[in-house]
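What follows is one structure encoded as structure tokens, with my remarks underneath.
Worth knowing before you read on, the calculation uses all heavy atoms, side chains too, and leaves out hydrogens, waters and symmetry mates. Computed from a predicted model, the values in this text were never measured in an experiment.
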Amino acid sequence: MFTNYSYTVDTRFIRYAQIDTQSDPQSTSFPTTEKQKDLSRLLVKELHEMGITDAELDEHGYVYATIPANTDKQVPVICFCSHVDTSSDSSGTGVKPIVHRAYDGGNIVLPDDKNVVISPREHPYLAGKKGDDIITASGTTLLGADDKAGVAEIMDAAHFLMTHPEVKHGAIRILFTPDEEVGRGVEKVDMKKLAAQFGYTMDGGELGSLEDENFSADGAKITVYGVSAHPGSAKDKLVSAIKIASEIVDALPKDSLSPETTEDREGFIHPVRISGTVEKTEIDFIIRDFTTAHLESHEAFLRRQMEKVLERYPEARATLKVNEQYRNMKEVLDLHPEVTAYAAEAIRRAGIQPLKMSIRGGTDGSRLSFMGLPCPNIFTGEMALHSKQEYVSIQDMQKAVQTIVYLAQVWEEKA
């Protein structure tokens, strides 16, 4: 079916990667940065050019569009979703994508900072991509494959379906979201407007990966209240909230319960930000575990450490507030096993062995699943995320395009 197809995924990706769409975790607006809409406006324009007439960008930065059904069957409406924003962990300004044709299997030295080397020794997945065409950034920025690879794949699959009416499928909804990287990606999605029954995020990593399980996640904030006094006359008066907060962080385990000491299905408590003054200091945490019930035990442990530290400072006080972020999508997907099964079948039709995996993190799909849209995560080829060493294989992206198209076929066939 794809033998004579001229893929557009690579040229689309390179075009999209050059647009700065970095989100801002400190912003309270939505989207957190207006520049995310620069890419979204381009996507709407390109969708219109394909003949998708209802493509629109709403005031919140969401792109909605429909590939119309071309079958007489009553097929469930499925949605493909990716996010346009990139992480704030590394600069997203002035991205210069570089294509390394027929990768030779050695180190990739990035030209704008030769200290940035993508080594197959440090990136074992890259070692298996010898002969592929690899796209990287130039060494001073991230690449943005997370998740512009997914965006480009959905766009190329839409192009394929619009130009190949012989491939039968039901109505397909497209959703591009802002602010996924700051945990707010589906905060203002209009589920009634989306009007889909099942969905798939294109935001996974290695070829063939299919993720139907992710961390359950809470955020936590400890606020420490100290006692301020002039440092020149502070003896027996001043109680530093900064020092107490530092002791609370130091009380966390050094060899467990942290991102740097855990793997696979192990959860963690992770302080991500500390700020304040002698009088008031705040510590922000993320708390993660695949078993939702374990979040409460992690939070209870954190509270105990806080209270133990406070015992030494009777003039100080502190509060711990927890907010739910997202939950393990497996709790929903287990009720709809066909959603993941059909994705596995589509991956096999693309000539790939499906790799069932769990996400040590979250996607828009984890929240969408609990909003009524069961939504596992499919590979895009994006690797070494959020870093200057980020890369993606063009051949992996092409296989993701095939998987989207085959998945649309599978749903039609099973209807």
Donor-acceptor pair, [X] side chain versus [Y] backbone, under 3.5 Å?
| X | Y | answer |
| --- | --- | --- |
| R303 | H298 | no |
| Y103 | G106 | yes |
| N377 | G365 | no |
| S366 | G362 | no |
| T21 | V84 | yes |
| N107 | V117 | no |
| T291 | A293 | no |
| S358 | E213 | no |
| R15 | D10 | no |
| Y62 | G185 | yes |

Are there more than 12 heavy atoms of other residues, nucleotides or ligands under 6.0 Å from atom [atom1] of [X]?
| X | atom1 | value |
| --- | --- | --- |
| K254 | NZ | yes |
| K308 | NZ | no |
| Q74 | CD | no |
| K96 | NZ | no |
| R121 | CZ | no |
| E296 | CD | no |
| E279 | CD | no |
| K35 | NZ | yes |

Nearest 0.5 Å, please: how far is [atom2] in [Y] from [atom1] in [X]?
| X | Y | atom1 | atom2 | answer |
| --- | --- | --- | --- | --- |
| I172 | M162 | CD1 | CE | 10.5 Å |
| L42 | K37 | CG | NZ | 15.5 Å |
| K148 | L142 | NZ | CG | 8.0 Å |
| I78 | E412 | CD1 | CD | 11.0 Å |
| K356 | T340 | NZ | OG1 | 6.0 Å |
| H336 | L373 | NE2 | CG | 10.0 Å |

Could you tell me whether the side chains of [X] and [Y] share a donor-acceptor contact shorter than 3.5 Å?
| X | Y | value |
| --- | --- | --- |
| T136 | H100 | yes |
| E390 | S387 | no |
| Q409 | H169 | no |
| R184 | Q325 | no |
| D364 | T177 | yes |
| T262 | R360 | yes |
| S216 | T292 | yes |
| T32 | D179 | yes |
| D24 | T33 | no |
| T140 | D113 | no |
| E382 | T380 | yes |
| H386 | E181 | yes |

Report task. Please report the closest heavy-atom contact between R288 and A217, naming both atoms and the distance. Result ->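 Taking R288 first and A217 second, the nearest heavy atoms are NH1-CB, 3.1 Å.
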Requested in this report: Enumerate the residue pairs fulfilling salt bridge (charged side-chain N to carboxylate O under 4.0 Å, His left out) with a member in residues 214-224, sequence neighbours excluded, ordered by first and then second residue.
Outcome: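 Every pair satisfying salt bridge (charged side-chain N to carboxylate O under 4.0 Å, His left out) with a residue in residues 214-224: D218-R327, K221-E282, K221-D284.
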Query - Pairs involving residues 191-203, ordered by first then second residue, that meet salt bridge (charged side-chain N to carboxylate O under 4.0 Å, His left out) (sequence neighbours left out) - result: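 The answer is E56-K193.
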**Report entry** Electrostatic pair D54:R173 at N-O distance under 4.0 angstrom
**Finding:**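 Answer for the salt bridge query: yes.
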Query raised in the report: Between E331 and N328, does a side-chain contact (heavy atoms from CB on, under 4.5 Å) hold up when you go through it step by step?
Result: CA-CA 6 Å; E331 297 172 19; N328 190 341; 4.1 Å; yes
Query raised in the report: Does the ring centre of F215 sit less than 6.0 Å away from the ring centre of F290?
Result: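 Distance test on ring centres: under 6.0 Å, yes.
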Query raised in the report: Do F176 and H83 have ring centroids that are under 6.0 Å from one another?
Result: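 Judged by ring-centre distance (under 6.0 Å), H83 and F176 do not meet the cut-off.
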For [X], ring-ring contact (aromatic ring centres under 6.0 Å, His included) partners two or more places apart:
| X | value |
| --- | --- |
| F80 | Y200 |
| Y7 | Y5 |
| F13 | none |
| Y64 | none |

Query raised in the report: Does the salt bridge (Lys or Arg N to Asp or Glu O under 4.0 Å) test come out yes or no for E247 and K243, once each step is laid out?
Result: CA-CA 6 Å; E247 287 187 35; K243 291 182 178 179; over 6 Å; no
Query raised in the report: side chain to side chain contact (heavy atoms under 4.5 Å, CB included) with Q395: which residues, sequence neighbours excluded?
Result: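 Per chain and number, Q395 pairs via side chain to side chain contact (heavy atoms under 4.5 Å, CB included) with D132, D133, S393, Q398.
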[X]: what forms a side-chain hydrogen bond (donor to acceptor under 3.5 Å, both in side chains) with it, not counting sequence neighbours?
| X | answer |
| --- | --- |
| S23 | D85 |
| S82 | D147 |
| T8 | R12, D156 |
| S91 | none |

Taking the side chain as every heavy atom from C-beta outward, state whether [X] and [Y] have any atom pair closer than 4.5 Å.
| X | Y | value |
| --- | --- | --- |
| F301 | P253 | yes |
| V151 | L43 | yes |
| I222 | L302 | yes |

Report task. Output all residues satisfying salt bridge (Lys or Arg N to Asp or Glu O under 4.0 Å) with D396, sequence neighbours left out; order by chain, then residue number. Result ->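 Partners of D396 under the salt bridge (Lys or Arg N to Asp or Glu O under 4.0 Å) test: K129.
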